[in-house]
Number of protein chains: 2
Amino acid sequence: MKTERIPAAERREQILDAAARVFGERGYAGSTTDQVAQAAGISQPYVVRMFGSKEKLFNEVLDRAAGQLETLFRETLAEAERRKLSGASRKEFLGLAYLDLVEQGHIVLPLMQAFLLGHDPAIGANAREGFLRVYRLLRDEAGLGVDGATEFLAGGMLINTLLTMRMAELYDADPDARELVDRACGSKVEIMLDATRAGR
Amino acid sequence: MKTERIPAAERREQILDAAARVFGERGYAGSTTDQVAQAAGISQPYVVRMFGSKEKLFNEVLDRAAGQLETLFRETLAEAERRKLSGASRKEFLGLAYLDLVEQGHIVLPLMQAFLLGHDPAIGANAREGFLRVYRLLRDEAGLGVDGATEFLAGGMLINTLLTMRMAELYDADPDARELVDRACGSKVEIMLDATRAGR
DNA sequence: GTCTATAAGTGGATAGAC
DNA sequence: GTCTATCCACTTATAGAC
């Protein structure tokens, strides 16, 4: 194959994007480096060469996704500050931001996949640490407190689960699926539907 | 190897138990039929022979776990009826029952793993259907309504996520991890700790 | 009912050319 | 910076003996 020759740093980003989609979709063990390569439009050995190993690649995807999530939450918080939102409405504001994150790319799913890898020494530790950072951010920086942060995370995990399960595929066919997805996503259901449909 | 010769039906159950543990721990793609075989104390080909394929085995594990979950919820509901518990306390009662389920075996984790397989045509459809059955059960039979059922599921997904992530491994080391696990599990934290420690 | 042996396929990683 | 060729380990599944 004849691929365009582009700077390593840029290619790196392309591969990370592709990997986030593939890993987010099929999980770590369920993905192959060849699937990532194809999604990025390059050869399989190049993927491995660029990152050293599949595991290192996954960890980079994970770190990047966690970073993007934290950045978005901080930006959202700053915006909430400007608008002088308090307690409850601040939480809601963050919730909307989270749904935007679901939309804007492949950040949420690789994170969720990482949460299922607690048994893996390296990835598991990384995932726990990232989860706790988000918890602290919600509890302290966002001022949601222990209860608010926990509730927020619970809602987030439900959204994540519905996403990985592709519950939105039943949105038109099953009224209960529709009701559940509607309830979990509030006014931003469309995002969920798009995210599910895009994945195929 | 010299394995005791026991009736097929009984062996089947042993394999299903072992498979629930292994799949629950490492996911579908991350598990091998040999790991299941070793956990069950038999040879790898025998596992495959008994169930036809790895995928069929996983689906049986999934169906069984979903059935056990529903059964437990129905029993719990009957008990709540006897005690004449209403709305909020009924929900709490079900929550405690769910934590018991986490304890009593390997039911919750394989279910959670299945929820991450939305992309798989067969398993994904099975997982969505099972999830919806539980939703209906909570909403209608338990009388939690749309909001109550959704909240319940959200809390459940948080517990599941903390479990697969093995957050309880940090229980003693990190006060935030402890706080989060405590909050998610209420009075039944011990169960979570045991479940996490057993898995290693 | 259960095993050993093994075929057939897949996937991560390395070597080396261009 | 990127590819082709290829090795080797692992995994599912089958065949057939006991």
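As the structure is a computational prediction, the values presented were derived from the model and not from experiment. Letters go in sequence order (proteins before strands), and every chain restarts at 1.
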Exercise for the section: Let me have a per-nucleotide readout for nucleotides 11-18 of chain C, 5' to 3', with B, S or -, counting only protein heavy atoms under 4.0 Å. Expected result: SBBBBB--
Practice task
Starting from P on C:dT2, measure out to CE on B:M50 and report it in whole angstrom.
Solution key: 7 Å
Handout entry: B:K54 charged N/C atom sitting above B:Y28 aromatic ring, 6.0 Å / 45°
Key = yes
Exercise for the section: Under the side chain to side chain contact (heavy atoms under 4.5 Å, CB included) rule, collect the residues that match up with A:R49, sequence neighbours excluded. Expected result: none
Problem - Given C:dC3, C:dG1, D:dC3, the nucleotide with the shortest approach to the side chain of A:T3 - result: D:dC3
Practice task
Spell out, yes or no, whether A:I42 and A:V48 are grouped together once hydrophobic residues are joined by side-chain heavy atoms under 4.5 Å, including indirect joins.
Solution key: no
Problem - Integer-rounded Å distance: D:dA5 P and A:Y46 OH - result: 19 Å
Practice task
Ignoring backbone atoms, test whether A:S43 places a side-chain nitrogen or oxygen under 4.0 Å from the OP1 or OP2 oxygen of D:dT4.
Solution key: no
Handout entry: Protein-nucleotide distance (A:Q14, atom CD; D:dG1, atom C1'), rounded to Å
Key = 12 Å
Completion exercise
A:R12 CZ to D:dT2 P, in whole Å, measures 13 Å
Handout entry: Length of the CG-P vector between B:L57 and D:dA13, whole Å
Key = 10 Å
Practice task
Find the distance between CZ (A:R90) and CD (A:E92) and round it off to the nearest 0.5 Å.
Solution key: 13.5 Å
Practice task
Respond yes when some side-chain nitrogen or oxygen of B:R11 is under 4.0 Å from OP1 or OP2 of C:dG1, and no when none is.
Solution key: no
Exercise for the section: Starting at atom CZ of B:R5, determine the distance to atom P of C:dG1, rounded to an integer number of angstrom. Expected result: 7 Å
Taking distance alone, no hydrogens or angles, what donor-acceptor pairs closer than 3.5 Å link side-chain atoms of residues 112-122 of chain A to residues at least two apart or in another chain?
| unit_1 | atom_1 | unit_2 | atom_2 | d |
| --- | --- | --- | --- | --- |
| A:D120 | OD1 | A:A122 | N | 3.0 |
| A:D120 | OD1 | A:I123 | N | 2.9 |

Practice task
Treat each ILVMFWY residue as a node, draw an edge where side-chain heavy atoms are under 4.5 Å apart, and state whether A:L96 and A:F152 are in one component.
Solution key: no
Practice task
Could you check how far CD1 of A:I6 sits from C1' of D:dC3, rounded to whole Å?
Solution key: 15 Å
